[in-house]
Amino acid sequence: MMGNLGEHAAFIVAAYAIVAIVLAGLIAWVTLDARSQARLLAELEAKGVSRRSARKGRKRQASEAAE
Amino acid sequence: MTQTEGLFNRLANPTRFMSIAAAILPWLTGVTVILFAVGLYLTFFVAPPDYQQGETVKIMFIHVPAAWLAMMGYSLIAVSSIGSLIWRHPLADVSAKTAAPIGAVFTFLALVTGSLWGKPMWGTYWVWDARLTSVLVLLFLYLGLIALWQSIEEPSRAGRAAAILALVGFVNVPIIKFSVDWWNTLHQPASVARLDGPAIHSSILTPLLVMAAAFTCLFFVLHLKAMTTEILRRRVEALRMTQVARAAAE
Amino acid sequence: MSAFWALVRRDLRLAWREGGAISTTLGFYLVVVAILPLGLGPDLNLLARIAPGVLWVALLLSALLSVDRIFHNDHEDGALELLALGPLPLELIVVAKALAHWISTGIPLVLAAPVLALLLNLPAEAFGVLLLTMATGTPATSFLGALGAALTLGLRRGGLLLSLLILPLFVPVLIFGVSAINAVIIGPSPFLPSYLILAALTLATLALTPFAAAAALRLNLQ
């Protein structure tokens with residue numbers, strides 16, 4: 001039961017706390033990274049740099065890399 | 001362009017992948033949250049203490065899933081690496097790159113929880129147990145992959161170099177496991193509690209499986225999200241290049 | 001095949017001419033082995049017990065220090081591209097250069113090991129096994145090192161990165177090399193199984209790494 005974790009409660013709590021903190025950090029990192037990239041993309045598109053030309057650019061790069 | 005290449009390009013279309021990921025992610029996130037709620041409830045309110053390990057068996061419910069994801073993450077990278085080397089599948093590159101840090105985090109958590117389990121059970125935080133040692137080497141393999149990704153700037157070259165390294169590492173994982181087991185039987189002092197019990201009772205197995213499912217879903221949520229972010233990052237890079245090219249042309 | 005041996009001979013000649021690199025590697029091996037008793041204390045029994053492990057670890061570190069040379073110079077002056085255009089497949093170029101590295105660096109390190117073993121009070125009956133296991137294991141380190149060198153070719157901090165990438169792959173060679181020597185000194189496990197697994201590891205490494213290293217070189221030559 002909760003509240004009675006036996007004589008080794010400290011280790012159990014520590015294990016769960018560390019996992020929670022590290023996973024929260026990982027989730028935060030992935031989420032914040034996603035937001036910042038989405039914002040950067042939106043800013044660039046607002047400036048009028050179009051996706052179509054970017055796609056051509058990417059394709060050109062990809063075909064150059066494949067050669 | 002041949003027909004097969006055309007087919008692969010259609011499958012590899014990042015825009016289509018983005019829309020599929022966007023459709024799946026909310027559902028998968030919901031499933032992850034529910035699984036974690038059920039798993040934690042079972043862990044703290046239902047699961048009885050183990051007759052041998054006592055309440056510390058609760059650490060197993062997070063340790064075993066983390067260790068399983070450490071292995072699955074590396075296998076996922078290896079499969080993606082095959083895709084990236086043989087078919088030059090652009091998404092395979094993205095998948096391998098984004099799985100590495102996530103897998104490394106779960107490997108780290110497997111080590112930390114294993115060590116916190118070991119202190120009450122073995123009396124020390126670290127025992128050169130065969131499993132802990134091989135997981136430690138696995139962490140080094142992850143760190144090598146991440147370092148290689150960071151050292152090569154051009155994404156396509158970095159992707160293929162990392163793919164070669166990942167496959168070499170994947171071939172080596174069982175060999176390393178085998179040699180560490182061998183080394184361990186030579187040095188192991190007899191009779192320490194093992195990380196795996198001989199037979200697991202269902203009252204212990206059910207929370208373990210639910211937690212494993214929760215961790216696995218969380219891995220894929222993070223992996224899918226990181227993949228879409230990586231695709232966005234490459235779009236941003238490409239847009240910046242066109243911006244510079246336009247500025248130069250004007 | 002004559003092109004293959006010509007490449008091996010050329011690399012050996014180059015290594016011989018710039019002899020400094022080999023003596024630096026040997027010097028590093030000596031210093032690492034000699035500094036350990038200063039950290040651990042002069043207890044000869046303790047040193048004898050850990051001698052096989054110390055000699056192996058120091059040998060792996062020394063070999064690692066020298067492997068980034070394998071392709072570096074030829075990459076800098078463009079010789080590698082010429083070689084790649086030549087008749088020899090890239091896989092065989094890797095084999096030739098790794099083999100030359102083993103002859104020019106691996107063998108001197110193996111021969112230095114018994115001398116350093118004297119410093120660590122290694123039991124006399126283990127000297128033969130020490131030479132044998134190291135001679136069997138070092139080709140694997142040269143070939144794995146060549147793979148690391150190919151992957152990190154032309155990168156900043158390539159040497160440090162190479163250590164991080166390749167040291168974990170040395171683990172099996174280290175374990176079976178040391179356990180074969182320990183089998184002779186302390187027993188009770190027999191010598192032959194460890195030794196045969198070490199030999200199998202080396203053979204597998206020789207068979208597989210050239211393909212991976214050649215693939216990595218192709219990336220650099222594009």
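Quantities reported herein were computed from a predicted structural model and do not represent experimental measurements.
- For the set B:Lys119, B:Arg157, B:Glu237, the entry with the most heavy-atom pairs within less than 4.5 Å of chain A is B:Lys119.
- Closest approach of A:Gln37 to B:Val236, counting heavy atoms only: O-CG2, 3.8 Å.
- Ionic pairing of B:Arg233 and A:Asp33 is present here: one or more N-O contacts between side-chain nitrogen and carboxylate oxygen are shorter than 4.0 angstrom.
- Contacts of B:Phe215 with chain A are made by side-chain atoms alone, with heavy-atom separations under 4.5 Å and no backbone atom involved.
- Proximity of a side-chain donor or acceptor of A:Tyr16 to a complementary backbone N or O of B:Lys58 within less than 3.5 Å is detected.
- The shortest distance between side-chain heavy atoms of A:Ile18 and B:Leu116 falls below 4.5 Å.
- With a 4.5 Å cut-off on side-chain heavy atoms, A:Val19 and B:Val112 do not count as touching.
- If you measure heavy-atom distances from B:Tyr125 to chain A, the contacts under 4.5 Å come from the side chain alone.
- Looking only at heavy-atom pairs under 4.5 Å with chain A, the residue among B:Leu109, B:Ile102, B:Leu232, B:Thr98 that has the most is B:Leu109.
- Contact of B:Thr43 with chain A is made through the side chain alone, with heavy-atom distances under 4.5 Å.
- Going from atom CD of A:Glu45 over to atom CZ of B:Arg235 covers 8.5 Å, rounded to the nearest 0.5 Å.
- Residues B:Leu222 and A:Trp29 are not in side-chain contact: their nearest non-hydrogen atoms beyond the backbone lie 4.5 Å or more apart.
- The shortest heavy-atom contact between B:Ala226 and A:Val30 is N-CG1, 4.1 Å.
- In this structure the side chain of A:Thr31 never reaches within 4.5 angstrom of the side chain of B:Lys225, judged on heavy atoms.
- At most 12 non-hydrogen atoms from other residues, nucleotides or ligands lie less than 6.0 angstrom from CE of B:Met71.
- Side-chain contact between B:Phe106 and A:Leu23 is present, with heavy atoms from C-beta onward closer than 4.5 Å.
- Taking a 6.0 Å sphere around CZ of B:Phe36, one finds it holds more than 12 heavy atoms contributed by other residues, nucleotides or ligands.
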